[in-house]
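Comments concern the structure below.
Below, all heavy atoms of this structure are taken into account, side chains as well, without hydrogens, waters or symmetry copies.
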Amino acid sequence: TGKPGTEDFQTNLARLHETSIQPHYIHSEENFPVVASGTVIIDAIYGTGLNRPAEGSAAKLIKHINAQKCAVIAIDLPSGLNPDHSSKNNTVITATHTLSFQCFKPAFLLPENEDAIGQLHILDIGLEPGYIETLTDTDLFISKDIASQLFRKRKSFSHKGDYGHAAIIAGSKGMMGAAVLSAKACLRSGAGKLTCFIPACGCDIVQTSLPEAMVITAAENDYIGSVKLNAKYSAIGIGPGLGNHSANADLLASVFDSTEYPMVIDADALNTLATHKTLLEKIPSFSILTPHPAEFARVFGESSDDYARIEQASAMAVKFGVIIILKGHYTLVAMPGGKKYFNSTGNAGMAKGGSGDVLTGILTGLLSQRYPPEAAALLGVYIHGKAGDFAAAEHSQEAMLATDIIDCLGKAFYSFQP
C-alpha cells in the first residue's frame, strides 16, 4: 500500500529480512502472486479480524487466495470473518486450518462459519492463568470444571426416594421409541423412580424394554389425550413422540396448570407451542425448552443468521422466564437472567434421530433429583455430549446410535471421578 505499517509490522518485517524468505509486496491486483499447486498459504491479512466486510483490493485478494488449489492456514481468524457478528454473504478466506489463541471466539461456535474455519486449533500462548476468569462476560463455555462443580455424588445411606420420582409424558402409535429412549436416559441419569405416561398401544413396548419403569396408560390407544398428575412427581418431561394430535394443546395446558415446578419441554410439545402460542405464558418458570433450530423457528420465529438466533434465544429466555437449550454442535443454554453458555462436548455423530429424546430424559432425571434447573441444564447438556463422545470413540460418528449415548452415560458420570 506504500504505507510504513505499524511498529509490530516493522519489527516482524525486520525479522523476515533475516531469513531466506523474500517478501512479496502487493500494491495492486497486478501484484497478486501466482501460487504453485501444493503451496501452503498462511493467511494473516487482518490480524485479529474485521468489524466490517472486506472490500476493495483486500476482498479481491481473498477471492484470489480461495481460487488457489492450496492448503490455507488462517492465523487467529480467517481474513474477512467477523469475530462477533454474522459474516453471511461477506468475502471470507476459506481456511483448511485455523490457528487461534487461548480460547474460543463466538465465530467458532456457529455452523454458518464452518466452511471458513476448517479444522480449528486453539493454542495456548501463555496468558496469565487467572486472567480469563477475571473477564466479566455473559457468554461462557461449559467446561469439565464447571460440570464437575455442579455434579453431586450420591450419599452412601441414601434411598430411592432421595432421588425423586420422575414422570415422562411421551409416545404415540409408531413413535414409542422416543418414549423408551427418554425413559431409559432418565433412569440412567440417576432418577430414583420413573412413571411413563403413554398411549395404551405402547404399554407392552415400554414394560418389555424397560422393566425398571412404571407405566400409566391413557384412555386412548394411539395417543395421549390427558394425564392425571399429583404431588408425588418431582419432575416432568413432556413431548418426545407425542405426534401431531389435536389433543396436544389441551394436554399441555392441563399439565402446565397442574404443575408449579420447572419441567422439560421437547419435540412435539414444542411443535404444539408453535401453533398455540398463548401456552407460552402458562409454562412454569425456569422450565427447560430443548428445541433444535427448526423447532426454535416454529415457536419463536425465523432468524436472519446464526448470531441473530442466539440473541433471539437469549431474549426469549428472559421474556418468558425459561431456560432455552438450542441444540447444535456447541449447544447453547440461554438462561432467564441473560447469561449464555455454550457446551464443550458432543460431536456430529449425535445428529441422528433419538439424540434429543435422550437429552430430555437426562434433564428430567436431573430435575427429579432436585438439581436446580440451571444446574440441570448445564450438567445435562455436558453429560449428554460427553456420553456422545464416548459413543463416537467406540462406534464411530457414522455408526453410533442414540441408544449408544445412553449406554455410555455411565462413562460420562465416571469422568467426574478424581
Working note: T290 + D266, criterion side-chain hydrogen bond (donor to acceptor under 3.5 Å, both in side chains); need CA distance, chi angles, decisive distance, verdict. CA-CA 5 Å; T290 61; D266 184 34; 2.9 Å; yes
Test side-chain contact (heavy atoms from CB on, under 4.5 Å) on S172 and L242 and set out the steps. CA-CA 5 Å; S172 60; L242 284 181; 5.8 Å; no
Evaluate the side-chain hydrogen bond (donor to acceptor under 3.5 Å, both in side chains) criterion for residues S415 and K144: first the C-alpha distance (whole Å), next the side-chain angles of each, then the deciding distance (0.1 Å), finally the verdict. CA-CA 9 Å; S415 70; K144 182 180 179 181; 5.4 Å; no
Mind running side-chain hydrogen bond (donor to acceptor under 3.5 Å, both in side chains) on S368 and H165 for me, showing each step along the way? CA-CA 6 Å; S368 78; H165 188 162; over 6 Å; no
Start with the C-alpha distance between S57 and E29, add both sets of side-chain angles, then the distance that settles side-chain hydrogen bond (donor to acceptor under 3.5 Å, both in side chains), and finish with yes or no. CA-CA 7 Å; S57 59; E29 294 173 47; over 6 Å; no
Pair K105, D76 - check side-chain contact (heavy atoms from CB on, under 4.5 Å), show working. CA-CA 9 Å; K105 294 177 173 62; D76 199 26; 2.8 Å; yes
Report the C-alpha separation of V299 and E295 in whole Å, then their side-chain angles, then the decisive distance to 0.1 Å, and conclude whether the side-chain contact (heavy atoms from CB on, under 4.5 Å) test is met. CA-CA 6 Å; V299 178; E295 289 168 339; 5.5 Å; no
Under the criterion side-chain contact (heavy atoms from CB on, under 4.5 Å), I'd like the reasoning laid out for V255 against L252: C-alpha separation, chi angles, the key distance, then a yes or no. CA-CA 5 Å; V255 170; L252 257 65; 5.7 Å; no
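In terms of modelled atom types and a separation under 3.5 Å, the side chain of Y261 and the main chain of Y233 share a donor-acceptor contact. H64 places a side-chain N or O within 3.5 Å of a backbone atom of P33 that can act as its donor or acceptor partner. A donor-acceptor contact shorter than 3.5 Å links the side chain of T96 to the backbone of V72. When atom types are taken as modelled, the side chain of H245 and the backbone of A247 share no donor-acceptor pair closer than 3.5 angstrom. No side-chain donor-acceptor contact under 3.5 Å links D268 to the backbone of N271. A donor-acceptor pair under 3.5 Å is formed between the side chain of S182 and the backbone N or O of D357. A donor-acceptor pair under 3.5 Å links the side-chain atoms of T331 to the main chain of G328, judged by distance alone. In this structure, K352 contributes its side chain and M400 its backbone to a donor-acceptor pair below 3.5 Å. Using a distance-only test at 3.5 Å, with no hydrogens or angles considered, no donor-acceptor pair links the side chain of T98 to the main chain of L120. Checking side-chain atoms of R188 against main-chain N and O of G365 turns up no donor-acceptor pair under 3.5 Å.
Enclosure of atom CD in E114 is not indicated, since only 12 or fewer non-hydrogen atoms of other residues, nucleotides or ligands lie within 6.0 angstrom. For CG of N89, the number of neighbouring non-hydrogen atoms (other residues, nucleotides, ligands) closer than 6.0 Å is 12 at most. Within 6.0 Å of CD on Q417 lie more than 12 heavy atoms contributed by other residues, nucleotides or ligands. When the shell of 6.0 Å around NZ of K153 is examined, it contains 12 or fewer heavy atoms from other residues, nucleotides or ligands.
When every heavy atom of I224 is checked against every heavy atom of A170, the shortest pair comes out as CD1-O, 3.5 Å. Here the closest heavy-atom approach between residue I323 and residue A377 is recorded as CG2-CB, 3.9 Å. In this structure, V180 and V206 approach most closely via the heavy-atom pair CG2-CG2, 4.2 Å. Of all heavy-atom pairs spanning L332 and A313, the tightest one is CD2-CB, 3.9 Å. Pairing each heavy atom of I405 with each of A387, the nearest pair is O-CB, 3.4 Å. The shortest non-hydrogen separation linking C70 to G38 is SG-N, 4.2 Å.
Between N343 and Y330, the closest side-chain pair of non-hydrogen atoms is not below 4.5 Å. Counting heavy atoms from C-beta on, the side chains of L181 and K184 never come closer than 4.5 Å. A heavy-atom distance below 4.5 Å is found between the side chains of F197 and L229. Two residues are said to be in side-chain contact when any heavy atoms from C-beta on lie closer than 4.5 Å; L77 and Y46 fail this criterion. Using a 4.5 Å cut-off on side-chain heavy atoms (C-beta onward), I288 and V322 make no contact. Residues I45 and I62 have side chains in contact (heavy-atom distance under 4.5 Å, counting atoms from C-beta outward). Using a 4.5 Å heavy-atom cutoff, the side chains of Y371 and L363 are not in contact. Under the 4.5 Å side-chain criterion, counting only non-hydrogen atoms from C-beta, I65 is not in contact with V35.
Between K155 and D162 no salt bridge is recorded (no basic side-chain N to carboxylate O distance below 4.0 Å). Note on D389 versus K386: no salt bridge recorded, every NZ/NE/NH1/NH2 to OD/OE distance being 4.0 Å or above. The pair D306-K88 does not meet the salt-bridge criterion, since no charged nitrogen lies less than 4.0 angstrom from a carboxylate oxygen. A salt bridge does not link K319 with E281: none of the charged nitrogens is closer than 4.0 Å to a carboxylate oxygen.
With values rounded to the nearest 0.5 angstrom, N12 atom CG is found 8.0 Å from T6 atom OG1. Rounded to the nearest 0.5 Å, atoms CD1 (I41) and CD1 (I73) are 10.5 Å apart. Here the SG atom belonging to C196 is positioned 6.5 Å from the CD1 atom belonging to I168, to the nearest 0.5 angstrom. One finds the CG atom of L326 at 8.0 Å from the CD1 atom of I324 (value rounded to the nearest 0.5 Å). The distance from the CG atom of N248 to the CG atom of L251 is 6.0 Å, given to the nearest 0.5 Å. Of the inter-residue distances, the one linking K340 atom NZ with M335 atom CE reads 12.0 Å to the nearest 0.5 angstrom.
Annotation: cation-pi pair R309/F296 absent, no NZ/CZ under 6.0 Å from the ring centroid and within 45° of its normal.
Of the N and O atoms on the side chains of S87 and N82, not one donor lies less than 3.5 Å from an acceptor on the other residue. A donor atom on one side chain and an acceptor atom on the other are found under 3.5 Å apart for S158 and Y163.
Ring centroid separation for the pair F416 and F151 comes in under the 6.0 Å cut-off.
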